[in-house]
Amino acid sequence: MKIKEVRELTTNEIRERMDAEKARLSSLKINHAISPLDDSSQISKTRRNIARFATELHARELNIN
């Protein structure tokens, strides 16, 4: 997901998607520990998405204050 797409989301949608991505990351890590994933770059892509969501939430908190 691009940062431009993230900025169009509401704060609640960002939080929901961030929680979903965190759950996906943990399941990817568990699956990768059991047997290697076909595309192990999914883990880093998921981490980057979580970071994008967290960055946008932080920026919104700073703008409110």
Side-chain angles (χ1 to χ4, degrees):
M1 177 171 269
K2 303 283 184 179
I3 192 67
K4 186 176 182 180
E5 296 169 350
V6 173
R7 288 185 178 138
E8 294 173 355
L9 299 173
T10 65
T11 304
N12 288 335
E13 288 175 337
I14 293 174
R15 286 190 180 118
E16 289 173 4
R17 290 193 183 196
M18 189 170 170
D19 292 339
E21 288 290 309
K22 285 181 180 181
R24 181 173 182 245
L25 179 64
S26 65
S27 69
L28 282 173
K29 284 182 175 182
I30 291 170
N31 290 340
H32 187 62
I34 295 171
S35 64
L37 297 173
D38 293 334
D39 184 16
S40 61
S41 68
Q42 290 176 346
I43 294 173
S44 60
K45 289 176 186 176
T46 305
R47 280 196 347 249
R48 284 189 191 114
N49 281 337
I50 293 170
R52 284 186 187 107
F53 294 140
T55 301
E56 182 61 24
L57 283 176
H58 185 68
R60 289 182 185 193
E61 287 175 6
L62 292 177
N63 286 336
I64 291 173
N65 296 332

Worksheet, complete the sentence: OG of Ser44 to CG of Leu25, rounded to nearest 0.5 Å, is 10.0 Å
Response to the item:
For Ala23 and Ser26, the nearest pair of non-hydrogen atoms, with its separation, is O-OG, 2.8 Å
Worksheet item: To the nearest 0.5 Å, how far apart are NZ in Lys22 and CZ in Arg17?
Response: 16.0 Å
Worksheet item: Ignoring hydrogens and geometry, is there a side-chain-to-backbone donor-acceptor pair from Ser40 to Leu37 under 3.5 Å?
Response: no
Worksheet entry | Over all atoms of both residues, closest heavy-atom pair of Phe53 and Met18 | CD1-CA, 3.8 Å
Worksheet item: CZ/Arg15 to OG1/Thr10 distance, rounded to the nearest 0.5 angstrom?
Response: 9.5 Å
Worksheet entry | Expected output: side-chain Arg60 to main-chain Arg7 donor-acceptor under 3.5 Å | yes
Practice prompt. Tell me yes or no: between the side chains of Arg52 and Asn49, is some donor less than 3.5 Å from an acceptor?
Written response: yes
Worksheet item: So how far is it from Glu13 CD to Glu8 CD, rounded to the nearest 0.5 Å?
Response: 10.5 Å
Worksheet entry | Interatomic spacing from CG in Asp38 to CG in Asn31 - rounded to 0.5 Å | 11.0 Å
Response to the item:
Correct closest heavy-atom pair for Leu28 and Thr46 would be CD1-OG1, 3.6 Å
Worksheet entry | pair Gln42-Arg24: side-chain heavy atoms closer than 4.5 Å | yes
Discussion item. Same cluster or not: Ile3 versus Ile50, using hydrophobic residues (I, L, V, M, F, W, Y) connected whenever any side-chain heavy atoms lie under 4.5 Å apart?
Written reply: yes
